[in-house]
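Structure first, commentary second.
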Amino acid sequence: MNEVSLSRVVVSQEGDRLYSFEYAARVTETSVTLVERFVEMGLIEPRGSMLRSRDIGRISQIQRLRRDLGLNLVGAAIVLDMAQEIAQLKAQLEAHQSQHL
């Protein structure tokens, strides 16, 4: 493997740090093939051929749910999506409650 390409970081126009699929596979202890499968299934959304930090975090979370709870890829993604939605709803509720105190 070429260490230069693995450690290369690109910054998007929005200021997001972007990483290669190879880097994502290395830091999440998976394979590039699995990272590509996550993309094909819509579990992560790359910017071209690069991933944001949050995508790499999502790969790690999905892998942890698969390992710890025995969930399949889609099940793990659903759990993460529901957790994110719950967090957003809690934030909205707290904002609404603080406006009406």
Side-chain angles (χ1 to χ4, degrees):
M1 281 188 202
N2 184 346
E3 284 298 316
V4 174
S5 68
L6 288 177
S7 62
R8 191 181 87 189
V9 176
V10 175
V11 179
S12 72
Q13 292 178 351
E14 297 83 19
D16 292 330
R17 294 171 67 96
L18 302 175
Y19 304 91
S20 67
F21 285 18
E22 292 83 5
Y23 176 83
R26 185 177 71 181
V27 299
T28 60
E29 298 179 356
T30 60
S31 67
V32 172
T33 303
L34 186 58
V35 172
E36 290 169 345
R37 186 166 176 216
F38 279 45
V39 172
E40 290 168 8
M41 295 178 73
L43 303 179
I44 55 174
E45 298 175 6
R47 297 267 208 224
S49 62
M50 304 293 282
L51 298 171
R52 292 167 292 210
S53 295
R54 70 179 182 202
D55 297 315
I56 294 172
R58 186 168 169 88
I59 292 169
S60 294
Q61 291 173 321
I62 289 171
Q63 289 297 89
R64 185 174 40 84
L65 288 169
R66 292 177 71 202
R67 181 186 63 242
D68 295 349
L69 301 178
L71 298 176
N72 63 21
L73 286 176
V74 174
I78 289 170
V79 167
L80 291 179
D81 290 344
M82 288 185 343
Q84 181 179 7
E85 188 170 337
I86 289 168
Q88 289 171 344
L89 290 170
K90 281 183 177 181
Q92 289 173 358
L93 180 60
E94 289 172 6
H96 179 74
Q97 288 174 336
S98 68
Q99 290 175 353
H100 291 89
L101 288 180

(request) Supply the atom-to-atom distance Thr28 OG1 to Tyr23 OH, rounded to the nearest 0.5 angstrom. (result) 10.0 Å

(message) For Leu51 versus Ala24, what's the shortest heavy-atom pair and its separation?
(response) CD1-CB, 3.5 Å

(request) Could you give me the CA-CA distance, side-chain angles and deciding distance for Leu73 and Arg37, then say whether side-chain contact (heavy atoms from CB on, under 4.5 Å) is met? (result) CA-CA 10 Å; Leu73 286 176; Arg37 186 166 176 216; 3.7 Å; yes

(request) Could you note down all residue pairs passing ring-ring contact (aromatic ring centres under 6.0 Å, His included) where residues 32-64 supplies at least one of them, sequence neighbours left out? (result) none

Please tabulate, for side-chain N and O atoms in residues 55-70, each donor-acceptor pair with protein atoms closer than 3.5 Å (sequence neighbours left out).
unit_1	atom_1	unit_2	atom_2	d
Asp55	OD2	Arg52	N	3.0
Asp55	OD2	Arg52	NE	3.4
Arg58	NE	Leu43	O	2.6
Arg58	NH1	Asp81	OD1	3.1
Arg58	NH2	Asp81	OD1	2.9
Ser60	OG	Ile56	O	3.4
Gln63	OE1	Arg66	NH1	2.8

(message) How about CD on Glu36, more than 12 heavy atoms from neighbouring residues, nucleotides or ligands closer than 6.0 Å, or not?
(response) yes

(request) Scan for salt bridge (charged side-chain N to carboxylate O under 4.0 Å, His left out) pairs involving residues 83-101, sequence neighbours excluded, and state none if there are none. (result) none

(message) Please find the pair of heavy atoms, one from Tyr19 and one from Ser53, that lie closest to each other, and give the distance.
(response) CE1-OG, 3.3 Å

(request) Decide if atom CD of Glu29 counts as having more than 12 heavy atoms of other residues, nucleotides or ligands within a radius under 6.0 Å. (result) no

(request) State, to 0.1 Å, how close Val74 and Met41 come at their nearest heavy-atom pair, and which atoms those are. (result) CG2-CE, 3.5 Å

(request) Indicate the atoms forming the closest heavy-atom contact of Ala25 with Ser31, along with that distance. (result) CB-C, 3.5 Å

